[in-house]
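Sharing a structure here in structure tokens format.
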Protein chains: 2
Amino acid sequence: MSLVSILELRHLRTLAALHETGSVSRAAKRVHLTQSALSHQIKALQNHYGLSIIQRRGQAVELTDAGRHLVALAGKVLEQIQSTERDLAKISQQATGSLRIALECHTCFDWLMPLMDAYRQHWPEVELDLVSGFHSDPVKLLEEGGADVVIGSEHKQQRGIIDHPLFRFEILAVLAPEHPLRAKRILHAADFSNETLITYPVPDDRIDLILNVLKPAGIHPERRTAELTVAILQLVASRRGVAALPSWGLKNYVDHDYVIARRIGSQGLWSDLYASTLTETASRPYLRDFLTTARNTCFATLDGIIPLE
Amino acid sequence: MSLVSILELRHLRTLAALHETGSVSRAAKRVHLTQSALSHQIKALQNHYGLSIIQRRGQAVELTDAGRHLVALAGKVLEQIQSTERDLAKISQQATGSLRIALECHTCFDWLMPLMDAYRQHWPEVELDLVSGFHSDPVKLLEEGGADVVIGSEHKQQRGIIDHPLFRFEILAVLAPEHPLRAKRILHAADFSNETLITYPVPDDRIDLILNVLKPAGIHPERRTAELTVAILQLVASRRGVAALPSWGLKNYVDHDYVIARRIGSQGLWSDLYASTLTETASRPYLRDFLTTARNTCFATLDGIIPLE
DNA sequence: AGGATTAATGAATAAAATTCATATTTAAAT
DNA sequence: ATTTAAATATGAATTTTATTCATTAATCCT
């Protein structure tokens, strides 16, 4: 127990991530460090305060009372810092510009809408827009100035473009509650052979289930499309077919027995979400703030998502 | 301008000190680092945000608008951290004990009283008391448990005792406005030879003016004592003699032309204030909090004090 | 002008945080 | 039960970073 406080923001960022993710190793990814680094950090804090901050609960980890105090502190403090950094951006006149968002992932509407509302408050000078419609070549869209950010599932290593990792999520098969496949805990490619697949109106190669599961297995089910997530769910519930959707948007519908959700493949079908920008856009404060806020709200509100990188 | 925030509490502590002390080198002492370290820190921040935080104003420095934003942030954040650390001390059941304060420096009442009121709120479980009266051997007082902290002007290197530096302050000669010596900007030992010196009722060797200025010069003026600072000032104003008091307590009286204050010797007469405790007491959270709070409030409220160490 | 005080800077050093490699613990699977 | 997998903990090695040291530049005061 040293005479001066060793606490640094690094620790608070770690604690916040720990709270968000519920595990040391996931938190480590969240703050771009190794699990070991976080373990050392936590140990240092515990020694310093003579208290345990986390407690192993089996292979997961749980915050103690002291840990929750620090997490609460982290929440407040990091929020205030973000706010001040926005002020600084305004002072340095880097608070204006355009942020036109193109969505490759239709379900992202769910979390993007409230985020945009909050963001508008913080950056009144930034021209915030959604670029609607499907775009075959998102990189081109960025380069030609049609959009400033593309939120999409695939990560392309291309010069001039930076892909900012957002998070990893699981895609679950969605079935009507009475569907014959309800008995299976896990669905495999073959299970889809006689089904109608209900998807958003995008090409085959933009649908993870088809690209990574069905096509490799040589299975080509019928397809039917709908624009909105609710519409897809409605079709599934009325037994017109099955769908594959991110786990996070399903909870409410599953809880109300409107549909049921099943894992796809023994490891599950996962997808990684990135926000891509031009390199020059990446350094703008308002873009960086958009990214951190996006990650923060997603990790706070979306169940079952996992940090990337 | 990196992609992630490099801001750490270290920076905020530095900024707060900079605000308190108004100079990089004084701030450096305040946070126990070198002037160079702080210069580097500030430069790193400025590069990171692409803004200047301080501006050289001659040989002093001034905070910019951005700097003030960060200082405001620092104030809030450091306060919240202190508060959480108090909570942690309560959780670890280290929030009880006694804090009996003995004062060697009579004027310290001025800042100690409001501090104690605030402190009592934060540490309701700590038995807070003032040990009154003059004590010839403060170390003995600590060892025998008569007090837990001694606030005094002298620094003794003694095992088992830790002297926590508080601050350095200037002692000014106080005269009646019409006093013949009013014409001199600086007073020297000889100027006191025909004066009556008005002091607190303590031995000669506890009065810095006598110990460090008059005695070495072989000058032994008459003495008269009073218990309270106001009483001393009243006697000075009514021309019963002159006094030597810390600069910080004089401002109000000087501003109202009740008395005038003059520097003693060309370099001024300075005194260092320490809070001494037993080594074991030093590690207790409630004592550490007392010290930081004391320093914080003193640097925030007392004019002309300088960090020590 | 000269001495003293303060801040800035670059290189050297010291300190620390992080990673690496591995052990340990717990849960799940067979 | 035994094995496998997944997670955290730990000590030593390493890298990164902060700080100091030594010096220069700028400013103030007499």
| Do the side chains of A:Val31 and A:Leu38 get nearer than 4.5 Å, heavy atoms only? | yes

| request: Would you mind reading off the distance between B:Leu7 atom CG and D:dT17 atom P, rounded to a whole angstrom? | output: 16 Å

| field | For atom CG of B:Asn47 and atom P of D:dA18, their distance in whole Å | value | 12 Å

| request: Indicate whether OP1 or OP2 belonging to D:dA18 is found under 4.0 Å from a side-chain N or O atom of B:Gln41. | output: no

| message | Measuring only between side-chain heavy atoms, which start at C-beta, is B:Thr64 closer than 4.5 Å to A:Ile91? | response | no

| Atom pair CG (A:Leu12) and CD (B:Glu8), whose distance is rounded to the nearest 0.5 Å | 9.0 Å

| query | Would a 4.5 Å heavy-atom cut-off, applied to side chains only, mark A:Cys298 and A:Trp248 as touching? | reply | no

| request: Could you say whether B:His32 or B:Arg185 is positioned toward the 5' end of DNA chain D, judged by the nucleotide with the nearest heavy atom to each? | output: B:His32

| said: Across nucleotides 22-30 of chain C, 5' to 3', mark each nucleotide with B, S or - according to how protein heavy atoms within less than 4.0 Å reach it. | reply: ---BSS---

| Between A:Gln82 and B:Ser5, is a side-chain hydrogen bond (donor to acceptor under 3.5 Å, both in side chains) present by the stated rule, with each step listed? | CA-CA 9 Å; A:Gln82 218 191 349; B:Ser5 181; over 6 Å; no

| task | Respond yes when some side-chain nitrogen or oxygen of B:Thr34 is under 4.0 Å from OP1 or OP2 of D:dT20, and no when none is. | result | yes

| message | Could you check whether any side-chain heavy atom of A:His164 comes within less than 4.5 Å of a side-chain heavy atom of A:Leu287, counting everything from C-beta outward? | response | yes

| task | May I ask you to test the A:Leu15-A:Leu63 pair for a side-chain heavy-atom distance under 4.5 Å? | result | yes

| task | For B:Leu38 and C:dT6, give me the distance from atom CG to atom C1', rounded to whole Å. | result | 13 Å

| task | Check every atom of C:dA7, D:dA22, C:dT18 against the side chain of A:Leu33 and return the nucleotide holding the closest atom. | result | C:dT18

| task | Can you sort out which residues in residues 8-30 of chain B have a heavy atom within less than 4.0 Å of DNA chain C? Ascending by number, please. | result | B:Ser23, B:Val24, B:Ser25

| B:Ile42 vs B:Gln267, nearer the 5' end of DNA chain C by closest nucleotide | B:Gln267

| Length of the line joining B:His48:NE2 and D:dT17:P, which is rounded to integer Å | 13 Å

| task | May I ask you to verify whether the side chain of B:Ser39 and the base of C:dT9 hold a donor-acceptor pair under 3.5 Å? | result | no

| note | The bend of the helix from C:dA1-D:dT30 to C:dT30-D:dA1, taken between the axes of its five terminal pairs at each end and rounded to 10°, is 30°

| Among A:Arg182, A:Lys184, A:Arg262, A:Arg185, which one satisfies salt bridge (charged side-chain N to carboxylate O under 4.0 Å, His left out) with A:Asp191? | A:Lys184

| Euclidean distance, atom CD1 of residue A:Ile6 to atom C1' of C:dA17 [Å, nearest integer] | 12 Å

| said: When you compare the side chain of B:Ile171 with that of B:Leu209, does any pair of heavy atoms fall below 4.5 Å? | reply: no

| said: Exactly one of B:Lys29, B:Arg13, B:Arg295, B:Arg30 should register a salt bridge (charged side-chain N to carboxylate O under 4.0 Å, His left out) with B:Glu20. Which one does? | reply: B:Arg30

| Taking N and O atoms by type only, does the side chain of A:His40 place a donor or acceptor under 3.5 Å from a partner on the base of C:dT19? | yes

| query | So do A:Leu187 and A:Leu175 actually touch side chain to side chain, heavy atoms under 4.5 Å? | reply | yes

| said: Side chains of A:Phe192 and A:Val213, heavy atoms from C-beta outward: is any pair under 4.5 Å? | reply: no

